Amino acid sequence: YPANWDSNPNTYASCLTVSTRQSGSVPNSCSGNSGGGKSWYDHIFLSANIINNTDHISYIPHSFRVIGNDGNRVGISANGSPVNTSAPTAVINDIFQMSEHYPTTLNLLVDLSSTTKAVMQNEREKVLVINPVGDQLVMHFSKDLAGKTVSIECVDVLGRVVMQNTFIATNEIMQLPCTLIPGEYYLIVSADNKVIADVELVKQ
């Protein structure tokens with residue numbers, strides 16, 4: 001546990017999962033818990049094998065995320081002010097309308113270098129892009145990409161190229177500076193003159 005979020009919710013605001021609504025009667029009388037993000041913190045339980053990375057799958061540290069919670073929701077609705085840009089507007093509004101809990105997610109890393117080598121034939125399994133993105137764009141590459149030239153191209157929802165970069169995959173985990181404004185993007189990753197990943201990207 002990170003700390004006592006019950007008595008000091010503001011310090012751990014981005015981890016809180018209840019409630020998505022400030023009022024108990026808006027949008028309807030069945031809204032459930034009121035008060036906006038407060039002292040509840042839903043967890044995702046992982047097996048010991050995943051925590052200790054003993055069976056080809058592991059938890060990626062710091063990837064736990066509360067979808068729709070931008071860290072400014074203590075006592076405020078998911079779609080209240082200040083404007084919540086941590087997810088697409090439609091998602092934020094649906095969370096407000098349909099759920100008293102924010103959904104939670106995390107990222108897992110699958111080791112494809114041993115028992116699952118056959119999967120490596122699928123080019124889409126060669127890179128994992130960590131979402132959401134903060135000041136760094138973090139990418140995990142398969143071992144067979146070591147030393148190869150990798151290119152990335154990021155486009156916004158209007159199809160405009162807003163970020164490009166070409167680099168050598170010197171490590172299995174690469175971090176690149178990310179100066180994108182908060183929002184939703186589409187990232188294309190290429191190597192050996194072919195696309196190896198195309199993913200939606202959320203910039204916090």
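Predicted, not measured: the structure shown is a model, and the values here were computed from it.
Under a 3.5 Å cut-off, the side chain of Asn131 and the backbone N or O of Glu200 do form a donor-acceptor pair. Under the 3.5 Å distance criterion, the side-chain polar atoms of Arg73 are left unmatched by any main-chain donor or acceptor of Leu16. Side-chain atoms of Ser63 come within 3.5 Å of backbone N or O of Asn107 as a donor-acceptor pair. Within the 3.5 Å criterion, the main-chain N or O of Ser99 finds a donor-acceptor partner in the side chain of Thr20. At distances below 3.5 Å, not a single donor-acceptor pair connects side-chain atoms of Asn165 with backbone N or O atoms of Leu176.
Residues Asn93 and Thr89 are in side-chain contact: their nearest non-hydrogen atoms beyond the backbone lie under 4.5 Å apart.
Counted by atom type alone, Thr54 and Asn49 present one or more donor-acceptor pairs between their side chains at under 3.5 Å. If you check the side chains of Asn84 and Ser86, you find a donor sitting under 3.5 Å from an acceptor. One side chain, Asp144 or Ser142, offers a donor N or O that lies under 3.5 Å from an acceptor on the other.
Shown here is Asp135, whose CG atom has no more than 12 heavy atoms of other residues, nucleotides or ligands within 6.0 Å. Heavy-atom neighbours of Ile181 CD1 from other residues, nucleotides or ligands within 6.0 Å: at or below the threshold of 12.
Hydrophobic clustering (ILVMFWY, side-chain heavy atoms < 4.5 Å, transitive): Val129 and Phe167 are in one cluster.
Taking CD1 from Ile76 and CD from Gln22, the interatomic distance works out to 9.0 Å, rounded to the nearest 0.5 Å.
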